[in-house]
Participant: 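Shown below is the structure under consideration.
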Amino acid sequence: MTDKPSRVFRIPVGQLQSNCYIYEVGQQSAVIIDPGDDDQYIIENLLKSDLAPAAILATHGHFDHLLAGFSLQAAFNIPFYMHSADKFLLTRMRQTAIHFKEADPGPEPIITKFFDNKTQEFIVLDATLTIILTPGHTPGSVSYYDKERGVVFVGDLLFSDGSIGEVTHAYSSRPDTKASIAKILQLPEDTVVYSGHGEEATVAELKEKFTWAVSA
Ligand SMILES: [Zn+2]
Ligand SMILES: [Zn+2]
């Protein structure tokens, strides 16, 4: 493990209580992962933790993980990254959100750079995040793994209660989700897994709940 700063703040936001994470990656600096809603609340938490955001990352393109993206970018003038395979979801974010929330959430975030299947890591300040492709819930779902700090952010791939992110959409794939979960469960057992909804769990704890995904 590391003595580098590595606090993780989990901030459930919006009607779906999607987890937005403030992840400390350097001296008083953080990345924001999945800014799903409630921009003011996220900003309050940044101020409280005394961390300045350096970048925003999305684990996938669902609106409940993106909605506050544009206003946070405007407030802090910071870049936003996600995988290109979920671009189609980003494009329909505003319409989907209007339908779901019956209110206009404003424009979608402006993506500074899309990751593709060849993007292996994302370096931000003191942290090197390995980008693990974990499609299934959506085709562009990725996990951000900080090997040095022993944490991984998996979005809606899996949840600590043993359930998985929805795979019934036309663009979802249950077999892909299974293979993606197997990838995450290969990480060191004490790795802390942070999901898009609910609490965190270690790889060791999750292995007991996802035996179906690791068995052949
Ligand atoms: Zn989702
Ligand atoms: Zn979600």
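One-based numbering, in listed order, for ligands and for the atoms of each.
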Participant: With under 30° as parallel and over 60° as perpendicular, where do the rings of His65 and His60 fit, or are they tilted in between?
Facilitator: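 Judged by the thresholds at 30° and 60°, the geometry between His65 and His60 is tilted.
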
Participant: For residues Tyr21 and Asn19, is any side-chain donor paired with an opposing acceptor at under 3.5 Å?
Facilitator: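 Their side chains do contain a donor-acceptor pair, which is all the 3.5 Å distance test asks for.
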
Participant: Kindly confirm whether the Zn ion (ligand 2) is within less than 2.8 Å of some N/O/S atom in Asp156?
Facilitator: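 It does: Asp156 brings an N, O or S atom closer than 2.8 Å to the Zn ion (ligand 2).
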
Participant: Could you tell me whether Arg92 and Glu108 have a side-chain N and a carboxylate O separated by less than 4.0 Å?
Facilitator: no

Participant: Ring centres under 6.0 Å, that's the criterion: do Phe153 and Tyr145 meet it?
Facilitator: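 No; Tyr145 has its ring centre 6.0 Å or more from that of Phe153.
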
Participant: Closer than 2.8 Å to the Zn ion (ligand 2): does that hold for any N, O or S atom in His60?
Facilitator: no

Participant: Taking the Zn ion (ligand 1) as the reference point, name the nearest N/O/S atom of His62.
Facilitator: ND1

Participant: Is it true that some N/O/S atom of His137, main chain or side chain, lies under 2.8 Å from the Zn ion (ligand 1)?
Facilitator: yes

Participant: If you look at Asp64, which of its N/O/S atoms is nearest to the Zn ion (ligand 2)?
Facilitator: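 The Asp64 atom nearest to the Zn ion (ligand 2), restricting to N, O or S, is OD2.
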
Participant: Is it true that Lys209 and Asp161 make a salt bridge, defined as a side-chain N closer than 4.0 Å to a carboxylate O?
Facilitator: no

Participant: Do any of the N/O/S atoms of His65, backbone or side chain, fall under 2.8 Å from the Zn ion (ligand 2)?
Facilitator: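 Given the 2.8 Å cut-off, His65 counts as a ligand of the Zn ion (ligand 2).
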
